[in-house]
2 protein chains.
Amino acid sequence: MARDAEETRRRLLAAAADEFAQRGIAGARVDRIAAAAGANKALIYAYFGNKDQLFDAVFDALVVSTVADVPIDPADLPGYAGRLFDRNQTHPQALRLLLWHSLERGGMAALPPAVVASNADKAAAIAAAQRAGQLPDRYPPEELLLLVIGLSLLGSAELAPTDGPEALARRRDVVTDAVARLVAAGGGTAAGR
Amino acid sequence: MARDAEETRRRLLAAAADEFAQRGIAGARVDRIAAAAGANKALIYAYFGNKDQLFDAVFDALVVSTVADVPIDPADLPGYAGRLFDRNQTHPQALRLLLWHSLERGGMAALPPAVVASNADKAAAIAAAQRAGQLPDRYPPEELLLLVIGLSLLGSAELAPTDGPEALARRRDVVTDAVARLVAAGGGTAAGR
DNA sequence: GTTATGCAACTAACTGGTTAGTCGGCTATC
DNA sequence: GATAGCCGACTAACCAGTTAGTTGCATAAC
């Protein structure tokens with residue numbers, strides 16, 4: 001077997017992603033990660049520091065990259081929701097890691113700066129679209145962003161299982177349609193209920 | 001100190017609710033629960049069996065009761081969403097316990113029969129209202145129920161913090177307004193997008 | 001009303017196994 | 001033969017669950 005530190009590191013990270021996504025930080029076992037990666041446990045400490053820093057590395061690689069890789073289009077929020085939905089299907093670990101992070105670390109407030117900044121950018125983009133009249137301004141930008149992201153992740157098979165590809169496609173349609181209704185013109189503001 | 005098994009049991013359950021809500025099943029410490037309840041650890045095993053069964057007892061007391069205590073009104077889903085939202089503010093542990101359960105046990109599929117049955121009833125009530133024309137039938141009943149419950153819980157301070165009572169009230173308005181838009185008459189079906 | 005008895009409630013200390021993290025040495029490669 | 005990559009074996013702490021024994025209370029006998 002060829003010696004390749006970068007490759008070993010990659011295998012450890014992938015095994016850690018599986019373990020953390022499935023069991024969370026407290027439930028994850030360092031020995032199990034090393035065994036799954038076919039590597040020695042000591043390498044985890046050599047490459048990543050400790051268990052918590054290993055989680056951070058996994059989180060950065062999977063969740064932070066998701067936030068960066070799915071750009072928002074304020075003029076087409078249903079499309080954005082659909083893309084987020086799809087990303088969740090192809091990367092089922094990401095949402096679970098986000099939830100573990102929220103529960104075991106200090107909620108969304110403890111998210112990495114990159115994620116916080118990205119959310120602020122997205123909210124700003126929504127606000128600009130609202131000022132330009134492309135988007136109704138009945139919800140504050142942060143609230144609208146929360147609704148759209150929340151609805152997208154809601155459909156994920158993790159929380160509410162769908163069985164079969166046609167059920168999944170229907171779920172996707174429901175989510176994008178729901179977002180479309182939220183941003184449709186007409187009706188009053190939230191306060192005017 | 002008076003000896004009162006029922007009272008001791010109650011204290012243990014309350015302490016366990018705090019511990020499990022904060023740290024989850026794997027992260028919870030039996031010793032910590034006993035200390036917080038001012039009781040001996042062995043009593044936990046005498047009264048509840050083991051750590052997992054203690055979690056079940058906590059879950060039943062807090063989450064299952066929530067499901068039962070907030071009845072659905074298919075003719076007023078925004079009101080239902082608002083009541084769920086409020087319940088989450090007064091019982092902040094419930095949502096966290098639900099999330100821990102989803103992540104550490106096997107997803108929503110592993111929910112207790114009482115919850116599954118209650119959800120089925122709620123979906124049936126929605127289906128009946130759709131047949132009666134009180135509710136648009138653009139979403140299947142189960143999907144609509146998921147959207148409404150999801151939106152209600154989404155606003156919870158746990159996942160997306162709100163600071164201050166006025167921000168909370170606005171969040172509540174956003175949630176109920178969003179549900180109102182989903183069930184408003186007009187527009188096409190989900191499939192017809 | 002005082003004392004003996006039975007028992008549920010409770011406790012301190014222990015056990016067996018697990019777990020994060022470490023350390024000294026081995027090995028492939030250049 | 002120097003060095004980066006890697007490993008087996010170890011440790012100290014931790015943790016769920018158990019056990020043998022103590023304490024307070026109720027009931028009843030005298």
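In what follows, chains are A, B, ... by sequence order, proteins preceding strands, each numbered from 1.
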Of the nucleotides C:dA9, D:dC7, C:dA20, which one has an atom closest to the side chain of A:L43? D:dC7
Rounding to a whole Å, what distance do you find between A:R3:CZ and D:dG5:C1'? 5 Å
Check this for me, if you would: do B:R138 and A:D173 make a salt bridge, where the nitrogen-to-carboxylate-oxygen distance has to be below 4.0 angstrom? no
Would one find more than 12 heavy atoms of other residues, nucleotides or ligands at under 6.0 Å from atom CD of B:E6? no
So does A:E19 pair up with A:R29, basic N to acidic O under 4.0 Å? no
Given side-chain contact (heavy atoms from CB on, under 4.5 Å), test B:Y80 with B:K122 step by step and report yes or no. CA-CA 11 Å; B:Y80 173 65; B:K122 288 185 171 65; 3.3 Å; yes
Looking only at C:dC10, D:dC6, D:dC7, the nucleotide nearest the B:A5 side chain is C:dC10
What contact category does A:A28 fall into here, base, sugar-phosphate, or nothing, at under 4.0 angstrom with non-hydrogen atoms? sugar-phosphate
Should the pair B:R172-B:D86 be classified as a salt bridge under the 4.0 Å nitrogen-to-oxygen rule? yes
Quick check on D:dA16: is either OP1 or OP2 less than 4.0 Å from any side-chain nitrogen or oxygen of B:R29? yes
Would you call B:D52 and B:R105 a salt bridge, taking side-chain N to carboxylate O under 4.0 Å as the test? yes
Rounding to an integer number of Å, can you tell me how far A:I44 CD1 sits from C:dG21 P? 10 Å
Which nucleotide in C:dG21, C:dC10, D:dG17 has an atom nearest any side-chain atom of A:Y45: C:dG21
Presence of A:Y47 side-chain N/O under 4.0 Å of D:dG5 phosphate oxygens OP1/OP2: no
In terms of side-chain heavy atoms of B:N40, which of C:dT19, C:dT27, C:dT11 is nearest? C:dT11
Tell me which residues in residues 48-60 of chain A put a heavy atom below 4.0 Å from DNA chain D, sorted by number, or none. none
What nucleic acid atoms does B:A26 come within less than 4.0 Å of, heavy atoms only: base, sugar-phosphate, or nothing? nothing
Quick one: which of C:dA20, C:dC23, D:dC6 gets closest to the side chain of A:A42? C:dC23
In terms of ring plane angle, is the pair B:H101 and B:F59 parallel, tilted or perpendicular, where the classes change at 30° and 60°? parallel
Measure CG/A:D31 against P/D:dG8 and give the value in whole Å, please. 12 Å
Nearest-Å distance for atom pair CZ/P, residues A:R11 and D:dC6: 8 Å
Nearest whole Å is fine: how far is D:dT11 P from A:K41 NZ? 14 Å
For DNA chain C, what residues of residues 14-22 of chain B have any heavy atom nearer than 4.0 Å? none
Rounded interatomic separation in angstrom, taking CG from A:D4 and P from C:dT29: 11 Å
All heavy atoms of A:A125 vs all of A:I72, minimum pair found to be CB-CG2, 4.3 Å
Please identify which of these residues, A:L182, A:L144, A:L147, meets the side-chain contact (heavy atoms from CB on, under 4.5 Å) condition with A:L77. A:L144
Can you say whether the rings of B:W100 and A:W100 are parallel (under 30°), tilted (30 to 60°) or perpendicular (over 60°)? tilted
With a 4.0 Å cutoff (strictly under), does any side-chain N or O of B:T8 reach OP1 or OP2 of C:dC10? yes
